[in-house]
Colleague: 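Below is one structure. I have some questions about it.
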Amino acid sequence: MMKNSILQKSLFFTIESAILDQRVIQINIQGAWRTLEPYQLGLPRQGSGKLTLYGYCRDLACVSRTNSRWQLFEIEQISRIELTTYSFLPHVSYSEQADLLHPIFFRVPISISSCK
């Protein structure tokens, strides 16, 4: 239990840093690595009530699963995380999906001048 708690805190702080600095992360979830641009960290408005990451998945595997690169990931399902040296600018299609997570603890701000 203590190891899991330490892992959760480490994940939380890494994701917080990635969102605030707009840096790409890689996560291992259910044995598969995913490359993400993290946009929001919060609790889902509907569903599990578990800490959730909302991000833009750079991998085609995400698209084949849900027909969208915008994904929700429960933090407790992430077994490993790596902060990359790559940065990102918010996508034009990012509109702070406020209806998905509430409350939102961290988010990438919308800035029209910095959109791809």
Colleague: What residue among Phe105, Tyr54, Phe106 forms side chain to side chain contact (heavy atoms under 4.5 Å, CB included) with Gln40?
Modeller: Tyr54
Colleague: Does the side chain of Ile25 reach to within under 4.5 Å of the side chain of Leu53, using non-hydrogen atoms?
Modeller: yes
Colleague: For the residue pair Gln26 / Thr35, report whether a side-chain donor-acceptor contact shorter than 3.5 Å exists.
Modeller: yes
Colleague: Supply the atom-to-atom distance Ile27 CD1 to Phe73 CZ, rounded to the nearest 0.5 angstrom.
Modeller: 4.5 Å
Colleague: Are the side chain of Ser79 and the backbone of Asn28 linked by a donor-acceptor contact shorter than 3.5 Å?
Modeller: yes
Colleague: Is a side-chain N or O of Thr14 found less than 3.5 angstrom from the main chain of Ser10, in a donor-acceptor match?
Modeller: yes
Colleague: Mind checking side chain to side chain donor-acceptor pair (under 3.5 Å) for Glu76 and listing every partner two or more places apart, or none if nothing turns up?
Modeller: Lys50
Colleague: Can you tell me how far the CD atom of Gln46 sits from the NE2 atom of His102, to the nearest 0.5 Å?
Modeller: 13.0 Å
Colleague: Let me confirm one number: the CZ-OH distance from Arg23 to Tyr86, rounded to the nearest 0.5 Å.
Modeller: 11.5 Å
Colleague: Hey, could you give me the SG/CH2 distance between Cys57 and Trp70, rounded to the nearest 0.5 Å?
Modeller: 11.0 Å
Colleague: Check for a donor-acceptor pair, side chain of Arg69 on one end and backbone N or O of Arg58 on the other, with a separation under 3.5 Å.
Modeller: yes
Colleague: Is a side-chain N or O of Tyr56 found less than 3.5 angstrom from the main chain of Ser93, in a donor-acceptor match?
Modeller: no
Colleague: Do Gln71 side-chain atoms and Ser68 backbone N/O form a donor-acceptor pair below 3.5 Å?
Modeller: yes
Colleague: I'd like to know if the side chain of Thr52 reaches the main chain of Glu74, judged simply by a donor and an acceptor atom lying under 3.5 Å from each other, with no hydrogens or angles considered.
Modeller: no
